[in-house]
Amino acid sequence: MEALAHLAAAESKTVRVDYFALLKEQRGLASENLETRSSTVLELYEELQKRHGFSLKHSSVAVALNDEFADWSEKLTERDKVVFIPPVAGG
Amino acid sequence: MEALAHLAAAESKTVRVDYFALLKEQRGLASENLETRSSTVLELYEELQKRHGFSLKHSSVAVALNDEFADWSEKLTERDKVVFIPPVAGG
Amino acid sequence: MFTLSDTPIDADALKRLVNTQEAGAYVAFEGWVRNHNEGQAVTGLEYEAYEALAVKEGNKIIDEAQKFSILKAHCVHRTGALKIGDMAVMVVVTSAHRKEAFAACEFIIDEIKKRLPIWKRETYVDGSTSWVNCAHNHEAVHETAQASGAKS
Amino acid sequence: MFTLSDTPIDADALKRLVNTQEAGAYVAFEGWVRNHNEGQAVTGLEYEAYEALAVKEGNKIIDEAQKFSILKAHCVHRTGALKIGDMAVMVVVTSAHRKEAFAACEFIIDEIKKRLPIWKRETYVDGSTSWVNCAHNHEAVHETAQASGAKS
């Protein structure tokens, strides 16, 4: 099982990422489809943070997977929609 | 002093009484000037309750003297304005 | 400020009275005439106020609400005949932050209902009428005298 | 019901949505754009929302407010550019008695502010802008994830 999980983690998949607020500014775009070998949404955030210099640590960001709040440990699968949610300020 | 207080209590004075809500209905008028020998507002209420058959006991009524909430033990003086306040129901 | 009104309450005018650029929060309470009370079908009602004391006590309550660090507060209470759905009372409050506006608005309407010499006569579907809180429960300790801190 | 709006909120229309003959109490909250925030003079602001999730989560909050035994509740949140004094959000609630309407209205706005993926960018008098809650305090634990009960 562990060996299989490792294989899955290394597999490449295409996911859609939408950006809002500060992350949209720092990424310079609102949405992109990208290929990644990241296994979880946390790995994906850290990958993108390194690439684009996001100032927010993941501990101050929430994450949604396919328009539902998700845990950082959630696995990514092909065609997932991922949204990283900076600290909110509605109202 | 007690003798004087007793004399004061017995003294006749003219006061104005305004009636509202249930008391106005039971008295059949909104306001009257009346002569009384009652010493306190409580005595006056009991005098009028006996005369007009008010259904509310004084313990469920409040009293105002000259447009301020007052204690039942408050003394009556000439030209005082007295209002007995049935249980309120604003709002 | 507290006022009595024998004509319909203008909600928009009341809101304008508490508007200020420092305000981040606005809380409003409106009391509406319901079509029933304690299981009885109500067809209409009448409010009667002891005006001099009600206005004095109402303004005292508005002043007391300043303890919540609000910006502005206002309350209007109707008198006279009202129909189902009519507005009987409105409280409006503004503050920098919402917590204070909620607390002050609820405080004001709670105290208004407890302390103001205002009475309500309901008319029921069978044509009978009743002064609310007076017909039954004559032994109830009167809240007004207790809450208002009578003279002595 | 919860909705987002990129045009000014119609307070009267919202009030009509919760009107019902059983209602004795109506409580409204409005959030207005203030002319200052944490000591800085604000000249305007913009709200951005992650619409799909904001609407879903907003409606979940309205549903949760039914625990207060209210009659009806509605909330609208603005998106886009707003000026000082503009209404950013409005919550309206009706109930038979006032205590429930106050509790539900405050619950809804508290949860809306905590849980909805909506962001605010303020523009200051010197022309600079800032995403509120993002510029400083990057270490703060994110309230949304904690409050909303994430998937697993």
Side-chain angles (χ1 to χ4, degrees), chain C residues 9-12 14-16 18-39 41-43 45 71-72 82-113 120 122 132, chain D residues 9-12 14-16 18-39 41-43 45 71-72 82-113 120 122 132:
Chain C
I9 295 170
D10 182 342
D12 290 333
L14 212 59
K15 187 184 193 171
R16 281 193 296 273
V18 294
N19 200 336
T20 160
Q21 289 214 330
E22 291 79 43
Y26 166 82
V27 174
F29 170 80
E30 299 182 15
W32 296 345
V33 178
R34 284 187 300 157
N35 62 3
H36 61 281
N37 188 19
E38 291 177 12
V42 173
T43 56
L45 59 77
L71 291 165
K72 297 188 179 188
L82 280 79
K83 300 183 306 299
I84 304 299
D86 281 354
M87 201 194 305
V89 59
M90 183 173 191
V91 181
V92 290
V93 178
T94 48
S95 59
H97 302 284
R98 69 188 184 283
K99 198 173 178 334
E100 292 76 12
F102 274 111
C105 189
E106 195 164 10
F107 168 82
I108 290 168
I109 185 61
D110 283 354
E111 296 299 305
I112 293 286
K113 289 179 89 99
K120 176 160 68 175
E122 291 182 337
V132 175
Chain D
I9 297 170
D10 182 342
D12 290 333
L14 213 58
K15 186 183 192 170
R16 281 192 296 273
V18 294
N19 200 336
T20 160
Q21 289 213 332
E22 291 80 42
Y26 165 81
V27 174
F29 170 81
E30 299 182 14
W32 296 346
V33 179
R34 284 187 299 156
N35 61 3
H36 62 280
N37 188 18
E38 293 180 10
V42 173
T43 56
L45 60 76
L71 292 165
K72 297 189 179 188
L82 280 82
K83 298 183 308 298
I84 304 299
D86 281 355
M87 202 194 302
V89 58
M90 183 171 189
V91 181
V92 290
V93 178
T94 48
S95 60
H97 302 285
R98 71 188 183 284
K99 199 171 178 328
E100 291 76 13
F102 274 111
C105 189
E106 195 165 11
F107 168 83
I108 291 168
I109 185 61
D110 283 354
E111 296 299 305
I112 292 286
K113 289 180 88 99
K120 177 161 65 175
E122 292 181 338
V132 176

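Residue numbers begin at 1 in each chain, while the letters A, B, ... track the order of the sequences. Not measured: the values here are computed from a predicted model.
- Partners of Glu106(D) by side chain to side chain donor-acceptor pair (under 3.5 Å), not counting sequence neighbours: none found.
- If you tally non-hydrogen atom pairs under 4.5 Å between each of His36(C), Lys15(C), Arg34(C) and chain D, the highest count goes to Arg34(C).
- Most heavy-atom pairs under 4.5 Å with chain C: of the set Ile84(D), Ile109(D), Val93(D), this distinction falls to Ile109(D).
- For a residue to count as touching a neighbouring chain, one of its non-hydrogen atoms must lie under 4.5 Å from one of that chain's; by this rule Ala88(C) does not touch chain D.
- At a heavy-atom separation below 4.5 angstrom, chain D is approached by Thr20(C), Gln21(C), Glu22(C), Ala23(C), Gly24(C), Ala25(C), Tyr26(C), Val27(C) within residues 20-27 of chain C.
- Applying the salt bridge (charged side-chain N to carboxylate O under 4.0 Å, His left out) test to pairs two or more places apart or on separate chains, those with a residue in residues 84-105 of chain C are Lys83(C)-Asp86(C), Arg98(C)-Asp110(D).
- Neither the backbone nor the side chain of Met90(D) has a heavy atom closer than 4.5 Å to any heavy atom of chain C.
- For the atom pair CD (Glu30(C)) and CG (Asn19(D)), the distance works out to 9.0 Å, reported to the nearest 0.5 Å.
- Lys72(D) pairs by the side chain to side chain donor-acceptor pair (under 3.5 Å) definition with nothing, not counting sequence neighbours.
- In this structure, the portions of Ala96(D) lying under 4.5 Å from any heavy atom of chain C include both its backbone and its side chain.
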